[in-house]
Amino acid sequence: MVLESMKQDPTRLRIPGPTPLPPQVIAALAQPVVPHRGEQMTPLFHELREQLARIHGTSGEVFIVAGTGSSGWEASIVNTLSPGDQVIAAVNGGFGERFVDVAGRFGMEVIRLDAPWGTPIQPEAVQRALAENPGVKAVQVVHNETSTGVLNPIDKIGPIVREHGALFITDSVSGAGGAPLRMDEWQIDIAFTGSQKAFMCPPGLSIIAVGERVWPYTERASIPRFILDFQRMREAAGRGSTPSTAPVNLLYALKAACDMMEAEGLDNVMERHAQLGELTRAGLQEIGVELLAEPGYYSPTVTVAVLPEGVTALEVQQLMRERHGIEIATGMGPAPVRERVIRIGHMGWTHAPEMERTLEALDDVLEHVPARQVAAD
Ligand SMILES: *Cc1c(COP(=O)(O)O)cnc(C)c1O
């Protein structure tokens, strides 16, 4: 069942992914299927990979994989590491935590580098952790922590990890396409994202950018792999294809989205996201709602707000839906965060009017939550 309000206005989807689909992407999805290999798909595939490489700021390979953003975690581990390898996992939110889980399942020796939720991972902390653990093979830091609305300074962490000789892996699922990402310049070896966040597409694709330094690691990595094997992906990509049947219509959609981003200009896309973040934070502060993220590290794609005492995220979410037809997300992680924060996405096909409407709706909802009404009586 599709919510009536969404049918009338898809921009009311204000969760941090999946995000609203622009009409160009919807039209692309509706095209007929063509053979997944051959003269129709091959040029599109090559062009798409070049566009994605520009968007990621890399001269390396970009693979498009049928799977969600999380496939990137698994792919980055199974292609480069072996059980028992030491990896540093930076954890300042729910997605950092998830990498700990995934790496642990594959038998890695995971060294946690924790920072309080809402604060960034500091480059100096990564430096210290590497100095204390000289055998570390890889470091993972989430680019944009969707659970807290913190943008980690991966530009400053990359060179530290490179200096040490380890691989630097970043989960940029809610970053790439909305927050600047210059893989080569920032010395990032693997960055992965999903189609349903700043890339304005439906869920279903993982986009995995792989730098040159990764290839020798793929020779040594001992975990068996098939679907997520980078070498198979590279061979197929050279022929303008994917190892298994490409999700043709999702590739059309991603192509339409990348065309839109390049037509707007990548710098303009980034600037629009930065401004949407500013507008959202200013609006929240105006209605008396605190931000979870530390100033200076605000995400341009998602804002996480701490609700006033006595107001729960679930009731705000429900009232936003019932009174305004707007979908927002509750918190992630441990109960105090999960129940006390709301997460508002402003990435992808998003402009100022939608955010203004969301903020007005939230102001109205906060006036009408039962706890407030009791307090006002
Ligand atoms: C959404 C998100 C994911 C998970 O993506 P899926 O497509 O659901 O697998 C991972 N990391 C971050 C930072 C995200 O925002």
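Position 1 is the first residue of the sequence, and the numbers go up from there. Numbering of ligands and ligand atoms starts at 1, following listing order.
Within the 4.5 Å cutoff, no side-chain heavy atoms of E278 are placed close to those of Y298. At least one side-chain heavy atom of N92 sits under 4.5 Å from a side-chain heavy atom of V150.
Taking the side chain to side chain contact (heavy atoms under 4.5 Å, CB included) definition, one finds that T218 meets it with N79, V214, W215, R225, F230, Q231, sequence neighbours left out. Partners of F168 under the ring-ring contact (aromatic ring centres under 6.0 Å, His included) rule, at least two apart in sequence or in another chain, do not exist in this structure.
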Write 'none' if nothing qualifies; otherwise put on separate lines each N/O atom of ligand 1 with a protein N/O atom under 3.5 Å away and their distance to 0.1 Å.
residue, atom, partner, partner atom, Å
ligand 1, 7 (O), G69, N, 2.8
ligand 1, 7 (O), Q196, NE2, 2.7
ligand 1, 9 (O), T68, OG1, 2.6
ligand 1, 9 (O), G69, N, 3.3
ligand 1, 9 (O), S70, N, 2.8
ligand 1, 9 (O), S70, OG, 2.5
ligand 1, 11 (N), D171, OD1, 3.3
ligand 1, 11 (N), D171, OD2, 2.6
ligand 1, 15 (O), T146, OG1, 2.4
ligand 1, 15 (O), K197, NZ, 2.7

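Between I64 and F45, the shortest heavy-atom contact is CD1-CE1, 4.3 Å.
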Please output the side-chain donor-acceptor pairs of residues 171-184 that fall under 3.5 Å, not counting sequence neighbours, one pair per line with the distance.
residue, atom, partner, partner atom, Å
D171, OD1, V173, N, 2.9
S172, OG, H143, ND1, 2.8
S172, OG, A176, N, 2.8
S174, OG, N144, O, 3.0
S174, OG, N144, ND2, 2.8
S174, OG, T146, OG1, 2.7
R182, NE, E185, OE1, 3.4
D184, OD1, T58, OG1, 2.8
D184, OD2, S59, N, 2.7
D184, OD2, S59, OG, 3.1

